[in-house]
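Read the structure below first, then the notes.
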Amino acid sequence: MKKIAIAGAGAMGSRIGSQLKKAGYDVTLIDFWDEHVQAINDRGLEIQTETDTYHIDIPACKPEDAEARYDLIIILTKAMHSEVMLQTLLDRGAIYEDTAILTLMNGLGHDERFAQIIPTTQVFLAVTVWTAGLRGPGQILLEGTGRIDLQRADGENDARTEAIVEMFNHAHLNAYISDNVIQTVWEKATLNSVLNPLCTILDKTIFEFSSYPDARQQIEPIIDEIIAVAKAKGIQLNAQTLIQKIESTYPKNAQGLHYPSMHQDLYRGRLTEIDYLNGQISAYGREFGIPTPNNDMLLHLIHQLEMTHVKG
Ligand code: NAD
């Protein structure tokens with residue numbers, strides 16, 4: 001894989017892009033945000049870590065100005081901007097028949113939506129527990145450690161999967177080939193569909209939410225609906241495993257002191273990814289005739305909050 005593009009170079013895209021660039025790969029950051037692209041081209045990407053602040057030179061451009069053909073394109077826009085990003089890059093000739101399109105976005109259904117634009121054999125899904133923050137145009141915050149699990153979306157073996165994993169590991173991204181990435185995607189989406197809207201609606205950190213004695217009773221009905229919908233799609237999820245994964249984030253020394261990203265997006269006046277979490281569960285529920293009243297309500301409550309907080 002010679003040429004790599006990060007399409008959507010916000011916090012997480014810039015993390016992956018900068019680590020690959022530092023490991024010596026040919027990386028371009030592609031982003032819709034003018035000021036961010038300009039800042040990266042003028043001053044380099046500014047990276048703040050626990051111990052250090054430094055700049056790294058990476059070329060950046062807008063999708064409509066993309067000129068090269070890429071072997072690997074990593075889509076890390078917010079979910080609602082991913083299809084227009086993919087279509088723009090396709091129209092620019094940046095994607096050819098062997099280009100691997102990998103996404104690490106949170107949420108469900110990305111593979112199905114991408115398959116409307118490019119062949120499924122080009123789509124790769126990944127789940128990551130790395131985190132990253134965006135401090136301003138051209139400035140990111142990188143803390144902690146993580147891992148990435150990935151596989152071709154249709155589950156088939158593909159030499160490109162090994163090539164991506166090898167490259168990621170060379171860049172210290174701690175990557176693994178998954179044998180069931182769809183299940184991992186659904187498990188992470190369940191966690192996000194439970195904690196993101198609840199903490200956002202309640203304006204609580206994860207620990208504050210968990211301090212309510214009946215928090216378990218609040219999360220179980222949401223999880224039960226997700227399990228029923230997943231089953232209709234042929235994906236087996238286990239309630240105990242999901243509850244344990246969610247509750248393991250509660251302590252202050254885990255993720256307890258954090259507000260989920262949905263809370264951060266909303267209170268910064270940005271749209272959330274709710275349509276790709278609870279909203280996608282509701283949509284699948286309608287498709288399969290499975291009632292999802294709890295997920296529907298969370299979707300509506302977040303949409304109501306978006307009407308108040310998101311400008312423009
Ligand atoms: P982000 O908000 O940092 O960036 C996403 C896009 O929004 C980028 O194209 C960025 O340039 C643009 N953007 C950000 N602020 C903007 C502003 N003020 N004006 C205009 N454009 C702006 O999002 P992210 O955290 O990198 O998330 C990307 C995907 O990765 C999402 O699906 C997210 O759920 C997922 N993810 C993020 C993390 C994390 O820790 N950041 C962890 C796991 C998964």
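All values reported here derive from a predicted model rather than from experimental measurement. Note that ligands are numbered from 1 as they come in the structure, with each ligand's atoms numbered from 1 the same way.
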Query raised in the report: Does ligand 1 have any atom sitting under 4.0 Å from a heavy atom of Ser261?
Result: no

Quick one: which ligand 1 atoms are inside 4.0 Å of a heavy atom on [X]?
X      : result
Lys188 : 43 (C), 44 (C)
Leu76  : 28 (C), 29 (C), 30 (O)
Thr131 : 40 (O)

Between [X] and ligand 1, is there a nitrogen or oxygen pair with a distance under 3.5 Å?
X      : result
Asp265 : no
Met105 : no
Glu273 : yes
Thr128 : no
Asp31  : yes
Met12  : yes
Ala79  : no

Requested in this report: Determine the interplanar angle of the Tyr284 and Trp186 rings, folded into 0 to 90°, and report it as parallel if under 30°, tilted if 30 to 60°, perpendicular if over 60°.
Outcome: parallel

Write out the residue and atom name of the closest protein heavy atom to [atom], then the distance separating them to 0.1 Å.
atom                    : result
atom 3 (O) of ligand 1  : Ala11 N, 2.8 Å
atom 41 (N) of ligand 1 : Ala132 O, 3.1 Å
atom 23 (O) of ligand 1 : Lys78 CE, 3.4 Å
atom 4 (O) of ligand 1  : Gly10 CA, 3.4 Å

For [atom], which of [options] has the closest heavy atom?
atom                    : options                      : answer
atom 15 (N) of ligand 1 : Arg270, Glu143, Glu35, Met80 : Arg270
atom 29 (C) of ligand 1 : Thr77, Leu141, Asn106        : Thr77
atom 20 (C) of ligand 1 : Tyr276, Trp130, Trp33        : Trp33

Query raised in the report: Quick one: ring-ring contact (aromatic ring centres under 6.0 Å, His included) partners of His303, sequence neighbours excluded?
Result: none

Report summary line: Residues at least two apart in sequence or cross-chain that pass ring-ring contact (aromatic ring centres under 6.0 Å, His included) with Tyr250, listed by chain then number, are none

Working to the nearest 0.5 Å, report the span between [atom1] of [X] and [atom2] of [Y].
X      : Y      : atom1 : atom2 : value
Asp31  : Thr77  : CG    : OG1   : 9.0 Å
Ile227 : Leu237 : CD1   : CG    : 6.0 Å
Ile73  : Ile101 : CD1   : CD1   : 4.0 Å
Leu277 : Leu108 : CG    : CG    : 6.5 Å

Query - Centroid-centroid distance, His258 to Phe207, less than 6.0 Å - result: no

Requested in this report: Carefully, step by step, assess Asp57 and Lys21 under the rule side-chain contact (heavy atoms from CB on, under 4.5 Å).
Outcome: CA-CA 9 Å; Asp57 278 332; Lys21 179 72 182 176; 5.6 Å; no

Query - Arg147 vs Asp149, salt bridge (charged side-chain N to carboxylate O under 4.0 Å, His left out): CA-CA, chis, key distance, verdict - result: CA-CA 7 Å; Arg147 63 179 273 157; Asp149 294 273; 2.6 Å; yes

Query - Thr120 versus Asp154, side-chain donor and acceptor atoms under 3.5 Å - result: no

